Amino acid sequence: MEKVVIIGAGCAGLTAAVYTARAGLQPLVVTGPQPGGLLTTTTTVENYPGFPDGIGGYELMERMQKQAERFGARIRLGTVESADLSARPFALVVDGERIETEAVIVASGASHRRLGLESEAKLENKGVSYCATCDGALPVFRNKPLVVVGGGDSACEEALYLTRFASAVHLVHRRDQLRASKIMAERVLSNPKIVPVWNCVVTEILDVAQGRVTGVRLRNVKTGAESVLECAGVFIAIGHVPNTGVFRSQLEMDDAGYIITRNGVRTNVPGVFAAGDCVDKVYRQAVTAAGMGCAAAIEAERYLTGMGK
Ligand SMILES: Cc1cc2nc3c(=O)[nH]c(=O)nc-3n(C[C@H](O)[C@H](O)[C@H](O)COP(=O)(O)OP(=O)(O)OC[C@H]3O[C@@H](n4cnc5c(N)ncnc54)[C@H](O)[C@@H]3O)c2cc1C
C-alpha cells in the first residue's frame, strides 16, 4: 500500500515528489511515456528562476528527479492505464500491475495538438515551436519573419508576443476570420507587425534538408493555390490535449478535458489532487507547474495527516 502516488514526472510531478518525499511520505512517481515531462524536449530554459545563464531542459528535469530521489522518492517507469478513484484505497493499474494508494497527485500534463506533418516532427526545436513565451526570445528568431498557425486566443497571444522580437508575424489561419475573442482579434488585426494569411493551411515546413526552418508551404483551402512563405520560425498554436483520459468520468473536467480544481489543487475526489498543465490551460509554464506541484504535495500531506496516516 502506497501513501501517495504521483502520476507524471514533469515539473509538477517531480516538485510534488520533492515535497512529499521531504515530508517522509516516500512517494511513488509513475513517469508515464515521457520521464521528465515536456521540458526534456527543449534545449535551453531561460526563464526558470535560479539559472541566470539558462539551463538545458533535460538537465533541469534530471536535477529535479535527483533532488526528489535524495529524499526518498521512488521513480517507476510505467504508465497509468486505468484508475479506480471510487473507493479507498484508490487503485491504479500501471503497465498491468495494480497499485493501491491512500492519496493521488495527478500531474500528467498536456500534449500539444500537432499539425501532423512529417516536416513538423523533423524540425521540432529547430525552428518549430509550440510555445512563444518559451522560445520566442531565442536569438534565432530575432528580427526575422515568423509564422504562427492558428486562429484562436492562444494563436493571437502567441502572435502578439512574438511582435516584440520578429520583423513580421504571419498569422496563418484556415478560415477567413479569427475564432479568438473580439478584443484579442482587434488587437491582432490592428498590429502593424501582424500579417493575417487567411484561408490557408500549412502543408509542409521547409527545410528538412537544411535542418532548420526557412519557410512554410501553404495551400489556399478556397482556391487550392500553393505558395511558399519565408520565415525563420513556425509557432503552432492550434490547441492542447490534456493527458487526462484515464480519469474521465471520475474526476471533474471541463469540455476540453482539463481537470477542474477547487481551493487550489483539490479535485472533486477527496484525496486526489491535480497540478500542472493537466489543470492549467492559461499559463503553461514550468515554474507555474512546479508551484502547483508544491501545493498539491502540501495538500496531500495534510489530507493524510487528517486521515491519521
Ligand atoms: C518545446 C517546449 C519548450 C518549453 N519551454 C519552456 C520554457 O522555456 N519555460 C517554461 O517555463 N516552460 C516551457 N515549456 C512549458 C513546460 O514544459 C510545461 O509548462 C511544463 O512541462 C508542465 O509541467 P507538467 O509537469 O504539468 O507536465 P509535463 O511536463 O507535460 O509532464 C507530464 C508528465 O506526465 C506523464 N504522464 C502522462 N500521462 C501519464 C499516464 N497515463 N501515466 C503516468 N504518467 C503520465 C508524462 O510522461 C510526463 O512525465 C515548454 C514546453 C515545450 C513543449
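Note that ligands are numbered from 1 as they come in the structure, with each ligand's atoms numbered from 1 the same way. If you're wondering where the values come from, they're calculated on a predicted model, not measured in any experiment. For the single chain, residues carry numbers from 1 onward in sequence order.
For residues 58-81, the set of pairs meeting the ring pair (Phe, Tyr, Trp, His ring centres under 6.0 Å) definition, not counting sequence neighbours, is empty. Legend: ring pair (Phe, Tyr, Trp, His ring centres under 6.0 Å) pairs involving residues 138-186, not counting sequence neighbours, sorted by first then second residue: F141-F235, Y161-F165.
Counting all heavy atoms, side chain and backbone alike, N263 lies closest to R266 at ND2-NH1, 3.9 Å. Among all heavy-atom pairs drawn from V30 and T79, the shortest one is CG1-N, 4.2 Å.
Every residue meeting the side chain to side chain contact (heavy atoms under 4.5 Å, CB included) condition with F51, not counting sequence neighbours, appears here in chain and number order: Y48, I55, L60, R63.
At a heavy-atom cutoff of 4.0 Å, ligand 1 is surrounded by I7, G8, A9, G10, C11, A12, V30, T31, G32, P33, Q34, G37, L38, L39, T41, T42, V45, N47, T79, V80, A107, S108, G109, H112, N125, C134, N243, G276, D277, R284, Q285, A286, A289.
Screening R70, E69, Q67 for a side chain to side chain contact (heavy atoms under 4.5 Å, CB included) with V18, the sole residue that qualifies is Q67.
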